[in-house]
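These notes concern the structure reproduced below.
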Amino acid sequence: MTTQTTRKYLRERFMPHIWCAGCGHGTVLNALIRAFEALGMSRNEIVMVSGIGCSSRITGYVDVHTLHTLHGRALAFATGVKLSKPELNVIVPMGDGDALAIGGNHFIHAARRNIALTALVMNNRIYGMTGGQYSPLSGYGISATTAPYTSIDPDFDVVALSMAAGATFVARTTTYHVNEMFDFFQKAILHEGFAVVEVLTQCPTYFGRKNKMGNAADMLTYYKENTVALGARSEKEHPHMIKRGIFIQEEKPEYCSQYDKVMERAQKGRP
Amino acid sequence: MTGDEACAEGALAAGCRFFGGYPITPATEIAEHMAERLPQLGGTFIQMEDEIAAIASVLGAAWAGQKGMTATSGPGFSLMMENVGLAVCTETPCVIVNVQRAGPSTGLPTMGAQADMMQARWGSHGHYEIIALAPSSAQEIFYQTITAFNLSERYRTPVFIMTDEIIGHMSEKVIIPAADRIQTEWRPKPSGRKDRFLLYKPGKNGVAPMPAAGEGYNVHVTGLTHDERGYPEMSVDTQAQMMDRLCRKILDNRDDIIMTESHHLDDAEIVLVSYGISSRTSMAAMQQARAMGLKVGFLRLITVWPFAEAQISALAERVKGFVTVEMNLGQIHLEVMRAANGKVPCHLVGHPGGTIIAPDQVIATLKEAF
């Protein structure tokens with residue numbers, strides 16, 4: 001439900017948006033601004049930094065300080081923002097290519113530092129903006145314009161990768177599970193450390209069409225039927241289903257607060 | 001102190017409080033010095049995962065209200081180029097130091113060159129104007145780093161400091177004046193109603209005020225072609241308007257940006273043109289030539305970009321020729337030729353890189369050519 005107070009976070013003057021009919025990214029936008037509202041966040045304390053791609057255009061539609069930067073570099077850019085003004089909440093929405101192809105190096109290093117950024121991986125398993133090429137999250141056997149004989153590239157597991165790299169909050173959900181996404185976004189924003197939320201989001205235009213997944217509703221049904229919540233009874237019954245939930249949520253020293261200690265040591269005298 | 005250390009101290013004196021870096025010979029000492037000094041002053045040093053991330057973090061810091069710098073050399077400079085274009089397009093003040101080493105590729109990492117001059121001019125894609133300074137001593141690196149920050153803030157543009165391995169690693173006496181004797185500038189700040197603020201509506205020198213994250217302006221900053229409001233606008237007209245303003249804020253202020261130093265140009269028949277470390281060679285060569293009775297003058301380019309075209313065109317009307325001295329195989333030389341426009345002969349004393357050019361080589365060319 002979008003209320004008047006939720007709408008204040010929307011930059012309606014940038015509408016209509018560029019996303020295709022049936023795209024899941026609007027659902028992510030909805031859950032995100034509702035999370036801002038639920039947390040009572042001021043627009044002035046939020047910065048959103050994005051890269052390039054369909055997903056990155058989300059920054060245009062949120063009426064906060066928004067920085068639409070280079071493909072893959074959003075986390076590096078955001079690191080400079082956060083270290084300069086640690087009091088701000090810095091949200092970094094990325095697509096699958098943005099986060100884990102061209103931006104993969106920045107992703108693992110931001111996770112390693114445990115800097116308090118909220119990284120949203122909007123995973124539609126395809127490069128949409130450029131017209132349907134396979135991504136490092138497409139996986140084996142997927143049809144794409146650059147994989148006309150189906151892909152031979154295995155995919156990354158965003159959750160396992162994030163945890164191995166050092167992220168201290170890692171969750172996965174889908175655009176079908178809107179309330180879960182709303183909940184995870186709030187927890188990720190509040191988390192003092194590097195937080196990753198992977199959202200499986202449908203691209204009916206390219207991924208769906210190329211892989212005979214049906215329309216947007218069919219793809220949402222797929223998320224409903226092929227994912228399972230962590231801890232649910234059905235998790236053991238369906239070990240091959242995609243797991244949703246919060247995989248890790250732990251307190252570890254956050255990078256900006258660690259840097260405060262560097263300043264203290266430096267100001268006391270020589271190292 | 002060394003040129004690299006003088007660069008770091010100049011940045012601190014200019015008010016730089018953010019450094020994002022990645023180690024690379026021969027620029028590493030700048031990062032090392034900043035790592036020690038910045039936290040003492042409440043500033044931020046971060047060693048990023050690569051040079052792309054280093055410059056991206058500097059741009060992020062700039063939009064959070066900081067003055068930021070990064071320092072690198074050839075390979076890292078290449079990696080930074082896409083972000084240079086983003087800084088130009090979004091009008092983000094930042095200073096990028098290139099302590100040049102011989103290339104191409106890994107080249108001679110520990111040995112100097114001046115072969116990235118055209119990369120500084122045109123290294124990022126698209127057409128744009130840029131500012132690049134070329135100091136020639138540790139003391140001048142200190143002052144030019146302050147100037148680089150001031151120009152960067154005044155014009156909201158990335159500014160390059162093009163030093164080289166030789167002056168970067170050379171130890172010289174550097175005098176650091178008291179802080180109150182150093183003039184520092186800040187980007188123009190917006191005023192008035194925040195909800196009516198236009199991100200790219202220029203002020204009187206063609207430069208728009210710049211808000212920082214957290215100040216409540218809630219602007220959208222994008223490397224897409226954008227209008228005065230900062231909105232992405234995929235149109236030929238908007239592209240033309242944006243390009244015109246981006247270029248003109250530099251070109252219309254060339255008199256303010258271009259700094260040169262003249263020696264014996266009044267009676268000169270032959271003019272040496274040089275910059276950075278090679279200007280020290282040229283100075284010695286000019287003095288030797290004068291002692292030999294040759295009427296040689298010397299034009300030292302402190303600002304290399306934008307190019308001192310008008311000055312060289314004017315000289316071409318009355319001198320017999322130019323000799324450009326630089327540690328590459330002809331980059332600024334071609335610019336001198338362009339400005340001289342066929343009126344007088346232009347010669348090059350170049351070098352493939354690795355060591356300083358000896359004054360004798362300049363004298364030999366002077367004797368042979370004129």
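Every value quoted in this text rests on a predicted model; they were computed, and no experiment measured them. To find a chain, count down the sequence lines: A is the first, B the second, and so on, and within it residues start at 1.
Without hydrogens or angle criteria, A/Lys85 side chain to B/Gly214 main chain gives no donor-acceptor distance under 3.5 Å. Between the A/Arg11 side chain and the B/Asn218 main chain, a donor and an acceptor come within less than 3.5 Å of each other.
Counting non-hydrogen atoms of other residues, nucleotides and ligands closer than 6.0 Å to NE2 of B/His127 gives a total above 12. No more than 12 heavy-atom neighbours from other residues, nucleotides or ligands sit within 6.0 angstrom of OH on A/Tyr134. For A/Lys252, the NZ atom is loosely surrounded, since the number of other residues' heavy atoms within 6.0 Å does not exceed 12. Taking a 6.0 Å sphere around NZ of A/Lys261, one finds it holds 12 or fewer heavy atoms contributed by other residues, nucleotides or ligands. Annotation: A/Phe156, atom CZ; neighbour count of heavy atoms from other residues, nucleotides and ligands within 6.0 Å does not exceed 12.
Within the model, atoms CD1 of B/Ile46 and CD1 of A/Ile115 stand 6.0 Å from one another, a figure rounded to the nearest 0.5 Å. The structure places CG of A/Asn44 at 10.0 Å from CD of B/Glu215, a figure rounded to the nearest 0.5 Å. B/Gln40 CD to A/Met263 CE: the interatomic distance, rounded to the nearest 0.5 Å, is 12.5 Å. Considering CD1 of A/Ile52 and CG of B/Leu224, their distance stands at 6.0 Å, rounded to 0.5 Å. The CD1 atom of A/Ile18 lies 10.0 Å from the CE atom of B/Met234; values are rounded to the nearest 0.5 Å. Considering CD of B/Glu82 and NE2 of A/His71, their distance stands at 9.0 Å, rounded to 0.5 Å.
Contact annotation: the side chain of B/Phe45 never approaches that of A/Val262 to less than 4.5 Å [non-hydrogen atoms, C-beta and beyond]. Side-chain contact check for A/Asn105 versus B/Asp50: some heavy-atom pair is nearer than 4.5 Å. B/Ile52 places a side-chain heavy atom less than 4.5 Å from the side chain of A/His106. Within the 4.5 Å cutoff, no side-chain heavy atoms of A/Arg57 are placed close to those of B/Thr222. Looking at A/Arg113 and B/Met48, their side chains come closer than 4.5 Å, going by heavy atoms from C-beta outward. With contacts defined as side-chain heavy-atom distances shorter than 4.5 Å, the pair A/His68/B/Val221 does not qualify. For the pair A/Phe77 and B/Leu86, the minimum side-chain heavy-atom distance is below 4.5 Å. Counting only heavy atoms from C-beta outward, the side chains of A/Thr69 and B/Leu59 never approach each other to under 4.5 Å.
When all heavy atoms of B/Ala213 and A/Leu88 are compared, the pair lying nearest together is CB-CD1, 3.8 Å. Heavy-atom minimum distance, A/Phe14 versus B/Pro232: CE2-CD, 3.5 Å. The minimum heavy-atom distance between B/Thr44 and A/Tyr259, with the atom names listed, is CA-OH, 3.2 Å. Nearest heavy-atom pair across B/Phe18 and A/Ser84 is CD1-OG, 3.7 Å.
For the set A/Ile108, A/Val62, A/Val81, the entry with the most heavy-atom pairs within less than 4.5 Å of chain B is A/Val81. Between chain B and the residues A/Leu70, A/Thr79, A/Val47, A/Leu67, the largest count of heavy-atom pairs under 4.5 Å involves A/Leu70. Options B/Ala212, B/Cys89, B/Gly68 differ in how many heavy-atom pairs under 4.5 Å they form with chain A, and the most are formed by B/Ala212.
The contact between B/Gln66 and chain A is made entirely by side chain atoms (from C-beta outward), counting heavy-atom distances below 4.5 Å. Contact of B/Val219 with chain A is made through backbone and side chain together, with heavy-atom distances under 4.5 Å.
A distance of 6.0 Å or more separates the ring centres of A/His65 and B/Tyr217.
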